[in-house]
Engineer: 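One structure coming up, written as structure tokens, with questions to follow.
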Amino acid sequence: MPASISPAQAGRDQTDTPPVATLQAHDPVPITLQLRPPHRSGIEERFAPSDPQRTWDLTRNPRIARLLKDRRLQFMLILPNQIIFWTVILVGLVGTAIPGLNFGTAITWYVWFCLVFVLMVVVGRAWCVMCPFGGFGEWIQRRTFWRRTQKALGLGLKFPEPLARFGFLLPVGTFLLLTWIEEFFNIAGPGTPSDTSWMVVGIVSSALLFFLVFERRTFCRYLCPLTSLIGSVGSMGSVAGFRTKDRDVCLSCQTKDCMRGGEEGFGCPWYTWPGSADSNLYCGLCTECYKSCPSDNIGLYLQKPLTSVVQPTRRRADVAWAIALLWGLVLYQQLNALGWYATMDNWLNTHMAFPHYPNPVAYLGMIFAIAGITAGLAWLVSRAFGRKNLTFVSSGRFLDKQSQFRAFFLPIAYGMIPVVGADYFARQLPKFFQHAPRVATAVQHMVGAGGTTASTLYKVRLLSDPRIIGVQVGVIAAGTLAALWSTWKISKRELVPVSRGSVAVRAAAMTIVLAAGVLAAVLYVMMNAAD
Amino acid sequence: MTMTTTDLVPAPADQPQVTVLTDRCAGCQECVIRCPAGALSMDSARWVAVADSDLCVGCRQCVRTCPFSAITVEGPMAVAERTEPVATEPPARSTSEIRPGFASWDEALTEANRCLSCPDPTCVRGCPAHNDIPSFIKAIREGDLGKAHEVLRNTTVMPDVCSRVCDQSAQCEGSCTWSLAGGMPVSIGKLERFVADNAPVPPPAAAVPDDPAGELSVAVVGSGPAGIGAAWRLIEAGASVTVYERDETPGGLIDWGIPDFTLPKSVAHRPWDQLTAAGVDLRCGVDVTPGDVDHLLSTHDAVILANGAPVPIRPPVPGADLDGVTDATSFLKDGKAALRDAGALDLFRAAYGLSVADLGAIEQLDPAAPQVLVLGAGNTAMDVARTARRLGLRAVCVDWVAEQFAIARPDELAEARHEGIEVRFLRTLARLDGSDGRVQRATLTLTRQDRGDKRPEPLSGQTETVQADLVVMAMGYRNDAAFAPVLPGTPRRREAPSGTPDRRWLASGILANPGPEFAHHKPVGKLAMGREVGLRAAMLPYQDRVWAAGDSVVGPSTVVEAMTQGKLAAAAVIGARPSRARRANPTRVLIAYESRSGRTAEAAQIIARGLRPTGAVVRAVPLGQVDISDLSETDLLVLGTWVEGMVVTKVAPAKATQKWLASLPRLAGLRTAVFCTYGVSPKGALDTVRSQLAERGVEILTQDAFGPRKWDIEVGAAKFGARLIELAWTR
């Protein structure tokens, strides 16, 4: 007998005692079950690369375990953000029109966006667990702040399959739309504070609508403008999310409480099963699976950075295309700071009678062109190095199709995640370094404790312009190195088996990644010159 | 290298088309392990389910069981049409059985071949007895009726009765996978009847020699379905069984309450013929009152109260005390007798003051015949009305519910109407009027009902009058209030418990379709889960050595439900082996604990080790894993919990413990010991546990709190175990 024993362990131990003839043993229902044995073949090879180390389970710490079991945890994480964002809405509408002095614009565009990127790169979907938009909708949908309720409010519909099959492409679409709106109204500039308020109101309203029409976190998975970015860039993070401790226990589990909901927790709002999760892509860290598992078989695992980029064996076409499009968007945002873009945009607007920047044709055209070029490079690699004797079944639905192009494009796109993530992060740095202290001034102004454009903090810059460029290039360099390392690993496992020349194909893939990094860095220098 | 993918070739339009939404298929295989057709498998590389539409039969089991709604099936169901036995047009006044069974093996086999033998058969959950339906149908397919009986006898002792009187549309057939998918289910009831009609129902099996249960003497009060189930199970275990029946003939409801045209006399009498032949001591004409229970306990080791819910519900309306107002029990008894012989017919005429023609004298219904107003439109009301019809009377049934929420069997309702019985829904009795003290007419108030779970609302001012030469109340029954002190807490409501449904039931998909069309939109899954409440209640004693089963537990129920409860109560008695002579030493000890840090679990293990030398089977189980059936077969319960809260916050037993205690049924006379572990101080935690347990009628032997140090817990638990041995075991 060990000196100390966990309840679950003790529960298992007792099963070694001779079974007593109970009435339950005569329950006819289990006797009539003739369930087929679950498929186990190849399961080890499938999940071994992405399974975190058993010892990296945070729930081994009893205090963390207790905290994660507490139903109020997520509420306590959401509540401060909820307060901040309702304040943002209110102050944006009724506060000062000076963006730098308005708490709504200052906190949102100088600090929050930057912070979200830090969270996703370090943790993954950390923002999702505390998101006030999803949190608000979920409170209403569940009719509670934190309790385990049984009846949901709303229609509880399933998201239509014809749309759901496009996975990440839908939220990429909403992200592109929101970004275009933001550019059009210069919301993040930041421009007029009330525009920021209306944007937040729009997101909250659409989130609430989706929570009331559809089940679980359909909004967060399929529509949230940030979910594709957080999901893909967040895979660099060091939190693997909630995963199974023993996959056999999950496979033989008769109740799947983590999916359907149990006594203590809801079914996974993100449609993720810890028993088969191979990345943190869709783990919202909400702890529901951990709370509901009747077998105490789920842990919260850490992982080495980039693990969820490199190790998953299933590459998703929607994620790959999302990365290409997100890459197109961030590059667009760099390119539009250059002088020639303004000329082109004006020319297009004049000929299309469109009021002002950004011209939608130029906007979407450039984004799709960049995504297309990225995919085209992958196609060239596939044509140049792909083995000829491979056959791919090319029919099927978007997510299921296979082709030689996809065999190269998907791994290469995943390898680019760090450089794309770094580029987005670098984009946020100028506002943070130049204006983050203004948040304090804005708070002072909001509560009537002074705070004007003449305040010292209002003018303080954490870093001056040339140094910011240096930091931006440094961030891109770090991202590029991470992307090169990821691509090196991914290409060895996934490109080499489908290629003729192993060294050449790896070199080609890394060249694409390196070119992307260099391009991003050069553009930051050029943007500075253009300024 | 060949890479394959799934669902690539569209299935023909006349074939089901399966689509796996690979975006959110998590590869949990809930669909794969349950697909009856083997149409689903796994793609190891992507770890998602893949479907072969060529194999799919369209039963949609996968759709119902997928936790993430990641699978869709479109197109028709690939199943043959349901075989319906050809009904011969019954003469309206015929007292012979009117519902036909399968006439030939061909018919039975054709229907049996429609069964998919589902890996997770929802029909089994829908059947109150949990008959192994796929297995007995498989036996039919193999042409082995003996084997089919062998399968059925594990769970039912009345396949011949149940197959005739059950409302299969709300039970097994309503829960059949075809029904849940929106189609026509396998005709399970008729297949069961085919087995029972074509091979004799086996008598009770001979008891195993030297079975310890052979020493038991058990009194069963009531000889209805619950009494039959209990007596059957007990006599098979070798116990001495004495059954006390208030009527002169055994069978209860199936003897007097179900007309011959639904349940032939020979079938209704078969169970008691076999039971008495097997040695059950049947004492008819003995009315056991609550005051007699103590006497029974002094002469028997255990008592099972299966005395039903005999008190008819009477509407509190003016005129209810007029002559010519009677209850369904009396009418059915007298009417059934009157249809059997002319002497009883004379008595019927005299008793009810109605001019009833001689049997066989009336071929067509006389429009001027006296009219019977039947209050209610459930199955009993249908039996009353159809009996009246066979006596040459006109009958009108009225019920305040809407027709779509009627509780009568749909086929029975259709048959009644076919026989010329008028059934009016959305009407309730407002008053009865008459002259010379004899009822003549009834005033009905119209009602409105939009939802099945809401009471109908009377519409003020909207009334109608109906002729009523005789009024029969068939609005249901309730328990005899006199037995309430003996059976505290009854009747238990047959409603699915609130809270999270049992996820094994959820996983089966029976709850996914809230109201199949075949079941007339009745919530078959919820109804089935509600029945489990009664089944579990029957396992637990209401007093020391007193169990109950059937309508006396859950109020008016069905034959199959009552029979199953009777069997379960008997099994609980056999498991508990109570003795009127002495209180036996505990042989089965359950240590149920709620632990968080592991300290309480460790204390439980120490206590378990201390008790094992007594020879008892000792199990230490986390609270979350303790089932009611565990409690029903426990002689000594040790409950342990950790204490939450600190000095400044509220100190109390762990919330999980409190929740578990709140969910406990009565555990009358169960010997119990309580302990807790604490970090700072237990304060009143033990008293809280104790008071909650006391409300359940347990006998608390001892209690103790261990802590705060690990050493204190080890020493305290060891001493606690030793003290418990002194208190619970006689030397």
Side-chain angles (χ1 to χ4, degrees), chain A residues 1 4-7 10-11 14 17-18 20-24 26-29 31-39 41-42 46 62 66 150 158 161 164-165 167 251 254-257 259-263 267 271-273 275-276 294 313-314 318 390-393 395-397 399-402, chain B residues 1-8 19 21-24 26-30 32-34 41-42 44 46-47 67-69 72 119-121 124-125 130 132 134 154-155 499-500 503-504 506-507 539 568 571-572 575 588 595 597-598 601-602 605 617 619-622 624-625 627 629-630 632-633:
Chain A
M1 186 77 187
S4 73
I5 185 167
S6 77
Q14 61 82 27
T17 56
V20 181
T22 63
L23 290 173
Q24 204 172 17
H26 301 296
D27 181 1
V29 175
I31 296 166
T32 63
L33 296 182
Q34 301 290 330
L35 301 178
R36 297 172 193 279
H39 175 91
S41 168
R46 170 67 176 74
R66 190 175 301 186
Q150 296 297 329
K158 297 161 184 35
E161 192 271 340
R165 73 174 63 150
L251 277 176
Q254 288 193 19
T255 61
K256 302 285 192 293
D257 286 19
M259 305 173 89
R260 296 190 172 94
E263 288 286 347
Y271 301 101
T272 293
W273 184 43
S276 67
T313 48
R314 180 189 175 193
D318 59 331
L390 297 181
T391 55
F392 298 92
V393 183
S395 56
R397 295 173 192 278
L399 279 178
D400 307 318
K401 282 180 184 171
Q402 294 178 355
Chain B
M1 184 174 177
T2 301
M3 297 186 181
T4 58
T5 185
T6 58
D7 54 20
L8 306 173
T19 305
L21 177 52
T22 47
D23 169 59
R24 61 176 186 239
C28 69
Q29 306 192 50
E30 290 289 281
V32 175
I33 62 175
R34 288 189 173 83
S41 56
M42 287 295 290
S44 298
R46 294 183 301 155
W47 206 256
F68 285 165
S69 321
T72 59
D120 191 346
V124 173
R125 295 181 194 273
H130 301 317
D132 188 350
N154 288 327
T155 45
T500 319
R503 265 81 67 221
R504 284 166 299 187
L506 211 54
M539 295 180 195
L568 287 172
R588 296 156 305 176
S595 181
S597 66
E602 195 177 341
Q605 296 295 344
V617 176
R619 296 191 306 148
V621 185
Q625 297 176 19
D627 191 81
S629 57
D630 291 321
S632 72
E633 296 204 339

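Convention: sequence-line order gives letters A, B, ...; per-chain numbering from 1.
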Engineer: With a 3.5 Å distance limit and no angle check, can you tell me whether B/T22 reaches the backbone of A/D400 through a side-chain donor-acceptor pair?
Structural biologist: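 No, the answer is negative, given that no donor and acceptor are paired below the 3.5 Å cut-off.
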Engineer: Considering non-hydrogen atoms only, spot the tightest contact between A/G167 and B/D23 and give its length.
Structural biologist: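 Shortest heavy-atom separation between A/G167 and B/D23 comes out as CA-OD1, 3.8 Å.
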Engineer: Examine whether an atom of A/P62 lies under 4.5 Å from a heavy atom of chain B, and if so say whether it belongs to the side chain, the backbone or both; otherwise answer neither.
Structural biologist: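 For A/P62, no heavy atom lies under 4.5 Å from chain B.
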Engineer: Can you tell me how the ring of B/W47 sits relative to the ring of A/H39, calling it parallel under 30°, perpendicular over 60° and tilted otherwise?
Structural biologist: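 Ring orientation, 0 to 90° scale: tilted.
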Engineer: Can you name the nearest heavy-atom pair linking B/I33 to A/P37, along with the distance?
Structural biologist: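 It is CG2-C, 4.2 Å.
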Engineer: Nearest 0.5 Å please: distance from the CG atom of B/L506 over to the OG1 atom of A/T255.
Structural biologist: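 If we round to the nearest 0.5 Å, B/L506:CG and A/T255:OG1 are 9.5 Å apart.
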Engineer: Might you point out which heavy atoms bring B/S44 and A/R46 nearest each other, and give the distance in Å?
Structural biologist: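 Here B/S44 and A/R46 meet closest at O-CD, 3.3 Å.
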Engineer: Tell me which of these, A/P294, A/G267, A/G261, A/G42, has more heavy-atom pairs under 4.5 Å with chain B than the rest.
Structural biologist: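 Greatest number of close heavy-atom pairs with chain B: A/G261.
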Engineer: So which atom in A/G262 and which in B/R503 form the shortest heavy-atom distance, rounded to 0.1 Å?
Structural biologist: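 Here A/G262 and B/R503 meet closest at CA-NE, 3.7 Å.
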Engineer: Are side-chain heavy atoms of A/L33 and B/P121 found at a separation under 4.5 Å?
Structural biologist: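 Side chain of A/L33 against side chain of B/P121, heavy atoms only: contact under 4.5 Å found.
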Engineer: Quick one: do A/E161 and B/R24 make a salt bridge, cutoff under 4.0 Å?
Structural biologist: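 The answer is no: the pair does not qualify as a salt bridge.
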Engineer: Mind listing the closest non-hydrogen atom pair of B/S69 and A/K158 along with its distance?
Structural biologist: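 What the structure gives for the nearest pair is OG-CE, 3.1 Å.
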Engineer: Go through the atoms of A/L399 and report whether side chain, backbone, both or neither lie under 4.5 Å from a heavy atom of chain B.
Structural biologist: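 It is both, since atoms from each part get that close.
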Engineer: Check B/V32 against A/R36 and note the closest heavy-atom contact, atom names and distance.
Structural biologist: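 Of all heavy-atom pairs spanning B/V32 and A/R36, the closest is O-CD, 3.3 Å.
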Engineer: Identify the residue among B/M42, B/E30, B/Q29 that makes a side-chain contact (heavy atoms from CB on, under 4.5 Å) with A/P38.
Structural biologist: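 It is B/Q29; the other options fail the test.
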Engineer: Regarding A/T32 and B/D132, is there a side-chain donor-to-acceptor distance under 3.5 Å anywhere?
Structural biologist: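 Side-chain D/A pair, A/T32 to B/D132: absent.
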